[in-house]
Number of protein chains: 2
Amino acid sequence: MMYEKKIPKDLNCGMSITLEIIGGKWKPCLIDSIAKGIRRPGELHKNHPDATKRVLNLHLKELGDHGVITKIIYPVLPSKVEYFLTDFGKTLLPLISHMEQWGSEYMPVFNELQKKKLKHV
Amino acid sequence: MMYEKKIPKDLNCGMSITLEIIGGKWKPCLIDSIAKGIRRPGELHKNHPDATKRVLNLHLKELGDHGVITKIIYPVLPSKVEYFLTDFGKTLLPLISHMEQWGSEYMPVFNELQKKKLKHV
DNA sequence: AACTGTAGGGATAAAATTGTCCCTGCATGA
DNA sequence: TCATGCAGGGACAATTTTATCCCTACAGTT
(Lines give C-alpha, C1' and ligand atoms only; values in the text may rest on other atoms or scores of the structure.)
Protein backbone atom coordinates (compact mmCIF):
# COMPACT_ATOMS: atom_id res chain seq x y z
CA MET A 1 0.00 0.00 0.00
CA MET A 2 1.00 3.59 0.17
CA TYR A 3 2.56 3.44 3.57
CA GLU A 4 4.05 0.88 5.82
CA LYS A 5 1.58 -1.51 7.34
CA LYS A 6 1.51 -1.51 11.09
CA ILE A 7 -0.24 -4.77 11.63
CA PRO A 8 1.85 -7.57 10.23
CA LYS A 9 -0.11 -9.84 7.97
CA ASP A 10 0.00 -13.48 8.79
CA LEU A 11 0.50 -14.92 5.38
CA ASN A 12 0.84 -18.46 6.56
CA CYS A 13 -2.39 -19.87 5.25
CA GLY A 14 -3.23 -20.13 1.60
CA MET A 15 -6.41 -18.16 1.95
CA SER A 16 -4.65 -15.12 3.34
CA ILE A 17 -2.24 -15.10 0.41
CA THR A 18 -5.07 -15.34 -2.06
CA LEU A 19 -7.02 -12.54 -0.45
CA GLU A 20 -3.90 -10.43 -0.16
CA ILE A 21 -3.42 -10.68 -3.89
CA ILE A 22 -6.94 -10.40 -5.25
CA GLY A 23 -8.83 -8.99 -2.27
CA GLY A 24 -8.87 -5.37 -3.39
CA LYS A 25 -12.08 -3.86 -4.61
CA TRP A 26 -11.10 -3.67 -8.27
CA LYS A 27 -8.34 -6.18 -8.56
CA PRO A 28 -10.34 -9.10 -9.88
CA CYS A 29 -11.97 -6.82 -12.44
CA LEU A 30 -8.60 -5.51 -13.51
CA ILE A 31 -7.13 -8.96 -13.89
CA ASP A 32 -10.15 -10.04 -15.85
CA SER A 33 -10.02 -7.03 -18.15
CA ILE A 34 -6.32 -7.38 -18.79
CA ALA A 35 -6.81 -11.04 -19.56
CA LYS A 36 -9.40 -10.00 -22.13
CA GLY A 37 -6.91 -7.74 -23.86
CA ILE A 38 -7.80 -4.42 -22.30
CA ARG A 39 -4.30 -3.32 -21.51
CA ARG A 40 -4.00 0.42 -21.43
CA PRO A 41 -4.76 2.49 -18.34
CA GLY A 42 -7.27 4.70 -20.13
CA GLU A 43 -9.14 1.73 -21.53
CA LEU A 44 -9.22 0.07 -18.14
CA HIS A 45 -10.69 3.20 -16.64
CA LYS A 46 -13.35 3.40 -19.33
CA ASN A 47 -14.23 -0.18 -18.52
CA HIS A 48 -14.59 0.56 -14.83
CA PRO A 49 -15.92 4.08 -14.67
CA ASP A 50 -16.99 3.71 -11.04
CA ALA A 51 -13.38 3.46 -9.98
CA THR A 52 -11.24 6.53 -10.09
CA LYS A 53 -8.01 6.52 -12.02
CA ARG A 54 -6.29 7.06 -8.72
CA VAL A 55 -7.52 3.83 -7.19
CA LEU A 56 -6.98 1.84 -10.34
CA ASN A 57 -3.39 3.01 -10.39
CA LEU A 58 -2.92 1.97 -6.79
CA HIS A 59 -4.32 -1.45 -7.49
CA LEU A 60 -2.33 -1.87 -10.67
CA LYS A 61 0.77 -0.97 -8.71
CA GLU A 62 0.04 -3.65 -6.14
CA LEU A 63 -0.73 -6.25 -8.77
CA GLY A 64 2.63 -5.42 -10.25
CA ASP A 65 4.36 -5.66 -6.89
CA HIS A 66 2.77 -9.02 -6.34
CA GLY A 67 4.00 -10.30 -9.67
CA VAL A 68 0.58 -10.68 -11.21
CA ILE A 69 1.03 -8.20 -14.04
CA THR A 70 3.85 -6.52 -15.90
CA LYS A 71 3.87 -2.93 -16.94
CA ILE A 72 5.35 -1.91 -20.24
CA ILE A 73 6.11 1.74 -20.74
CA TYR A 74 6.65 2.58 -24.37
CA PRO A 75 9.15 5.40 -24.80
CA VAL A 76 6.85 7.52 -26.92
CA LEU A 77 4.95 10.70 -26.48
CA PRO A 78 2.21 11.06 -25.62
CA SER A 79 2.99 8.29 -23.22
CA LYS A 80 1.72 4.82 -23.86
CA VAL A 81 1.53 2.07 -21.29
CA GLU A 82 0.31 -1.49 -21.41
CA TYR A 83 -0.21 -4.10 -18.75
CA PHE A 84 0.14 -7.82 -19.29
CA LEU A 85 -0.56 -10.80 -17.12
CA THR A 86 2.54 -12.69 -16.08
CA ASP A 87 2.56 -16.47 -16.17
CA PHE A 88 2.00 -16.32 -12.46
CA GLY A 89 -0.94 -14.00 -12.99
CA LYS A 90 -2.47 -16.35 -15.52
CA THR A 91 -2.69 -19.07 -12.89
CA LEU A 92 -5.26 -16.87 -11.19
CA LEU A 93 -7.71 -16.97 -14.06
CA PRO A 94 -9.43 -20.25 -13.23
CA LEU A 95 -9.83 -19.14 -9.63
CA ILE A 96 -11.23 -15.78 -10.60
CA SER A 97 -13.67 -17.36 -12.95
CA HIS A 98 -14.71 -19.78 -10.22
CA MET A 99 -15.39 -16.89 -7.85
CA GLU A 100 -17.20 -14.96 -10.51
CA GLN A 101 -19.29 -17.97 -11.36
CA TRP A 102 -20.25 -18.75 -7.80
CA GLY A 103 -21.27 -15.17 -7.23
CA SER A 104 -23.35 -15.02 -10.37
CA GLU A 105 -25.08 -18.25 -9.57
CA TYR A 106 -26.10 -17.14 -6.11
CA MET A 107 -26.74 -13.51 -6.86
CA PRO A 108 -30.53 -14.05 -7.01
CA VAL A 109 -30.55 -15.96 -3.72
CA PHE A 110 -28.44 -13.29 -2.12
CA ASN A 111 -30.46 -10.36 -3.34
CA GLU A 112 -33.71 -12.00 -2.34
CA LEU A 113 -32.32 -12.50 1.13
CA GLN A 114 -31.23 -8.90 1.43
CA LYS A 115 -34.69 -7.72 0.49
CA LYS A 116 -36.20 -9.80 3.25
CA LYS A 117 -33.77 -8.42 5.79
CA LEU A 118 -34.74 -4.90 4.81
CA LYS A 119 -38.39 -5.56 5.53
CA HIS A 120 -37.54 -6.53 9.07
CA VAL A 121 -35.58 -3.34 9.62
CA MET B 1 -21.94 -4.29 9.42
CA MET B 2 -22.34 -2.38 12.60
CA TYR B 3 -23.71 0.74 11.02
CA GLU B 4 -25.37 1.73 7.85
CA LYS B 5 -23.12 1.76 4.86
CA LYS B 6 -22.78 5.08 3.18
CA ILE B 7 -21.41 3.96 -0.13
CA PRO B 8 -23.87 1.63 -1.82
CA LYS B 9 -22.25 -1.55 -3.00
CA ASP B 10 -22.71 -2.45 -6.59
CA LEU B 11 -23.50 -6.07 -6.28
CA ASN B 12 -24.14 -6.60 -9.94
CA CYS B 13 -21.17 -8.73 -10.79
CA GLY B 14 -20.58 -12.16 -9.40
CA MET B 15 -17.20 -11.30 -8.00
CA SER B 16 -18.54 -8.52 -5.83
CA ILE B 17 -21.12 -10.87 -4.33
CA THR B 18 -18.50 -13.45 -3.60
CA LEU B 19 -16.17 -10.97 -1.97
CA GLU B 20 -19.05 -9.44 -0.04
CA ILE B 21 -19.77 -12.82 1.48
CA ILE B 22 -16.34 -14.26 2.13
CA GLY B 23 -14.14 -11.18 1.91
CA GLY B 24 -13.83 -10.55 5.65
CA LYS B 25 -10.55 -11.26 7.33
CA TRP B 26 -11.73 -14.32 9.25
CA LYS B 27 -14.74 -15.45 7.31
CA PRO B 28 -13.13 -18.13 5.19
CA CYS B 29 -11.43 -19.54 8.29
CA LEU B 30 -14.71 -19.56 10.15
CA ILE B 31 -16.54 -21.30 7.35
CA ASP B 32 -13.77 -23.82 7.09
CA SER B 33 -13.76 -24.49 10.83
CA ILE B 34 -17.50 -24.84 11.03
CA ALA B 35 -17.43 -27.23 8.10
CA LYS B 36 -14.93 -29.28 10.03
CA GLY B 37 -17.27 -29.56 12.98
CA ILE B 38 -15.96 -26.79 15.17
CA ARG B 39 -19.28 -25.25 16.00
CA ARG B 40 -19.17 -23.46 19.31
CA PRO B 41 -18.00 -19.86 19.70
CA GLY B 42 -15.42 -20.73 22.31
CA GLU B 43 -13.95 -23.48 20.17
CA LEU B 44 -13.82 -21.23 17.17
CA HIS B 45 -11.97 -18.66 19.17
CA LYS B 46 -9.46 -21.22 20.40
CA ASN B 47 -8.90 -22.19 16.79
CA HIS B 48 -8.23 -18.61 15.75
CA PRO B 49 -6.54 -17.01 18.73
CA ASP B 50 -5.30 -14.06 16.70
CA ALA B 51 -8.84 -12.89 16.22
CA THR B 52 -10.68 -11.40 19.13
CA LYS B 53 -14.02 -12.80 20.18
CA ARG B 54 -15.46 -9.44 19.27
CA VAL B 55 -14.46 -9.65 15.63
CA LEU B 56 -15.37 -13.28 15.32
CA ASN B 57 -18.84 -12.43 16.60
CA LEU B 58 -19.18 -9.67 14.06
CA HIS B 59 -18.19 -11.97 11.26
CA LEU B 60 -20.40 -14.78 12.46
CA LYS B 61 -23.26 -12.33 12.56
CA GLU B 62 -22.65 -11.31 8.97
CA LEU B 63 -22.31 -14.87 7.81
CA GLY B 64 -25.66 -15.49 9.42
CA ASP B 65 -27.19 -12.43 7.77
CA HIS B 66 -25.91 -13.63 4.43
CA GLY B 67 -27.46 -17.02 4.90
CA VAL B 68 -24.20 -18.91 5.06
CA ILE B 69 -24.57 -20.26 8.59
CA THR B 70 -27.32 -20.87 11.10
CA LYS B 71 -27.04 -20.17 14.76
CA ILE B 72 -28.62 -22.49 17.26
CA ILE B 73 -29.02 -21.23 20.77
CA TYR B 74 -29.71 -24.03 23.20
CA PRO B 75 -31.93 -22.93 26.07
CA VAL B 76 -29.56 -24.12 28.74
CA LEU B 77 -27.32 -22.51 31.26
CA PRO B 78 -24.50 -21.83 31.01
CA SER B 79 -25.40 -20.83 27.53
CA LYS B 80 -24.56 -23.08 24.63
CA VAL B 81 -24.48 -22.02 21.03
CA GLU B 82 -23.66 -23.85 17.85
CA TYR B 83 -23.22 -22.73 14.28
CA PHE B 84 -24.00 -24.83 11.25
CA LEU B 85 -23.46 -24.32 7.58
CA THR B 86 -26.65 -23.93 5.63
CA ASP B 87 -27.06 -25.71 2.31
CA PHE B 88 -26.26 -22.41 0.72
CA GLY B 89 -23.15 -22.14 2.84
CA LYS B 90 -22.03 -25.57 1.81
CA THR B 91 -21.91 -24.49 -1.81
CA LEU B 92 -19.03 -22.26 -0.78
CA LEU B 93 -16.79 -25.10 0.27
CA PRO B 94 -15.36 -26.00 -3.12
CA LEU B 95 -14.64 -22.37 -3.81
CA ILE B 96 -12.96 -21.86 -0.47
CA SER B 97 -10.85 -24.90 -0.95
CA HIS B 98 -9.89 -23.68 -4.41
CA MET B 99 -8.79 -20.34 -2.98
CA GLU B 100 -6.94 -22.03 -0.16
CA GLN B 101 -5.24 -24.35 -2.58
CA TRP B 102 -4.14 -21.64 -4.97
CA GLY B 103 -2.73 -19.63 -2.11
CA SER B 104 -0.85 -22.56 -0.67
CA GLU B 105 0.59 -23.47 -4.02
CA TYR B 106 1.94 -20.01 -4.68
CA MET B 107 2.91 -19.10 -1.15
CA PRO B 108 6.60 -19.87 -1.80
CA VAL B 109 6.60 -17.81 -4.99
CA PHE B 110 4.90 -14.98 -3.23
CA ASN B 111 7.15 -14.96 -0.20
CA GLU B 112 10.26 -15.15 -2.35
CA LEU B 113 9.04 -12.14 -4.26
CA GLN B 114 8.36 -10.17 -1.10
CA LYS B 115 11.87 -10.84 0.14
CA LYS B 116 13.32 -9.47 -3.07
CA LYS B 117 11.21 -6.35 -2.79
CA LEU B 118 12.50 -5.77 0.72
CA LYS B 119 16.09 -5.81 -0.46
CA HIS B 120 15.36 -2.99 -2.85
CA VAL B 121 13.75 -0.91 -0.10
C1' DA C 1 -1.56 30.59 -26.96
C1' DA C 2 -4.94 27.60 -25.44
C1' DC C 3 -6.82 23.07 -25.42
C1' DT C 4 -6.84 17.91 -25.83
C1' DG C 5 -5.25 13.31 -24.84
C1' DT C 6 -2.29 10.28 -22.25
C1' DA C 7 -0.24 8.72 -17.87
C1' DG C 8 0.62 9.60 -13.09
C1' DG C 9 0.59 11.07 -8.36
C1' DG C 10 0.37 14.35 -3.86
C1' DA C 11 -2.58 15.91 -0.14
C1' DT C 12 -6.35 15.21 2.24
C1' DA C 13 -10.87 13.36 3.65
C1' DA C 14 -14.22 9.87 4.21
C1' DA C 15 -15.58 5.31 4.96
C1' DA C 16 -14.94 0.67 6.34
C1' DT C 17 -12.62 -2.71 8.94
C1' DT C 18 -10.34 -4.46 12.74
C1' DG C 19 -8.51 -4.08 17.50
C1' DT C 20 -8.67 -2.84 22.63
C1' DC C 21 -10.85 -2.56 26.87
C1' DC C 22 -14.28 -3.54 29.79
C1' DC C 23 -18.97 -4.65 31.10
C1' DT C 24 -23.44 -7.78 31.59
C1' DG C 25 -25.95 -12.24 32.98
C1' DC C 26 -26.17 -16.80 34.58
C1' DA C 27 -24.91 -21.25 36.77
C1' DT C 28 -21.58 -24.12 38.94
C1' DG C 29 -17.97 -25.32 42.01
C1' DA C 30 -14.64 -24.08 45.56
C1' DT D 1 -19.25 -15.26 48.82
C1' DC D 2 -15.99 -15.41 45.24
C1' DA D 3 -13.89 -17.05 41.20
C1' DT D 4 -14.58 -19.51 36.69
C1' DG D 5 -16.59 -20.67 32.24
C1' DC D 6 -19.74 -19.47 28.72
C1' DA D 7 -21.82 -16.16 25.28
C1' DG D 8 -22.30 -11.46 23.95
C1' DG D 9 -21.83 -6.64 23.08
C1' DG D 10 -21.04 -1.20 24.02
C1' DA D 11 -17.76 2.52 23.53
C1' DC D 12 -13.97 3.92 21.48
C1' DA D 13 -9.36 3.88 19.01
C1' DA D 14 -6.29 2.47 15.45
C1' DT D 15 -5.57 0.88 11.01
C1' DT D 16 -6.55 0.17 6.31
C1' DT D 17 -8.97 1.10 2.18
C1' DT D 18 -11.23 3.97 -0.98
C1' DA D 19 -12.74 8.57 -2.67
C1' DT D 20 -12.18 13.57 -3.87
C1' DC D 21 -9.70 17.23 -5.67
C1' DC D 22 -6.24 19.08 -8.07
C1' DC D 23 -1.63 19.19 -9.91
C1' DT D 24 2.54 17.82 -13.21
C1' DA D 25 4.62 16.73 -17.92
C1' DC D 26 4.67 16.30 -22.85
C1' DA D 27 3.28 16.53 -27.91
C1' DG D 28 0.12 17.55 -31.22
C1' DT D 29 -3.90 20.18 -32.88
C1' DT D 30 -6.91 24.03 -33.33
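So that the names make sense, note that chain A is the first sequence line, chain B the second, and so on, each numbered from 1.
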Under a single-linkage definition using a 4.5 Å side-chain heavy-atom cutoff for Ile, Leu, Val, Met, Phe, Trp and Tyr, are B:W102 and A:L93 assigned to the same hydrophobic cluster? yes
When the distance from NE2 of A:H59 to C1' of C:dG9 is rounded to whole Å, what number comes out? 15 Å
Which nucleotide sits closest to the side chain of A:S79: C:dA7, D:dC6, D:dG9? C:dA7
Using atom CG of A:N57 as one end and atom P of D:dA19 as the other, report the distance to the nearest whole Å. 13 Å
Interatomic distance, OH@B:Y74 vs CZ@B:R40, rounded to 0.5 Å, equals 9.0 Å
Once you round it to whole Å, what is the distance between P of C:dG8 and OH of A:Y74? 13 Å
N/O (side chain, B:K25) to phosphate O (OP1/OP2, C:dG19) under 4.0 Å: yes
Round to the nearest Å and state the distance from A:R54 atom CZ to D:dT18 atom C1'. 10 Å
Closest to the 5' end of DNA chain D, once A:P78 and A:G23 are matched to their nearest nucleotides, is A:G23
If I take atom CZ in residue A:R39 and atom P in nucleotide C:dA7, what distance separates them, rounded to the nearest angstrom? 14 Å
B:W26 has an atom CH2; how far is it from atom C1' of C:dG19, in whole Å? 11 Å
Does A:K71 reach a base, just sugar-phosphate, or nothing at all? Heavy atoms under 4.0 Å. sugar-phosphate
Can you check the B:K61 NZ to D:dG9 P distance for me, whole Å? 8 Å
Separation of atom CG in B:L56 from atom P in C:dT20, rounded to whole Å: 13 Å
Side chain of B:P41 only, please: which of D:dG8, C:dC21, C:dG8 is the nearest? D:dG8
Side-chain contact, heavy-atom cut-off 4.5 Å: B:P28 with B:M99? no
Report yes if at least one side-chain N or O of B:R40 is closer than 4.0 Å to OP1 or OP2 of D:dA7; otherwise report no. yes
If you check the A:K53 side chain, which of D:dT20, C:dG8, D:dG8 turns out closest? C:dG8
With nearest nucleotides of DNA chain D determined for B:E43 and A:V55 from heavy-atom distances, which residue corresponds to the more 5′ nucleotide? B:E43
For D:dT18, does either OP1 or OP2 sit under 4.0 Å from a side-chain N or O belonging to A:K27? no
Determine whether A:I17 and B:V109 make a side-chain contact, defined as any pair of heavy atoms from C-beta on separated by less than 4.5 Å. no
Indicate whether the side chain of B:E100 and that of B:S104 have a donor and an acceptor atom separated by less than 3.5 Å. yes
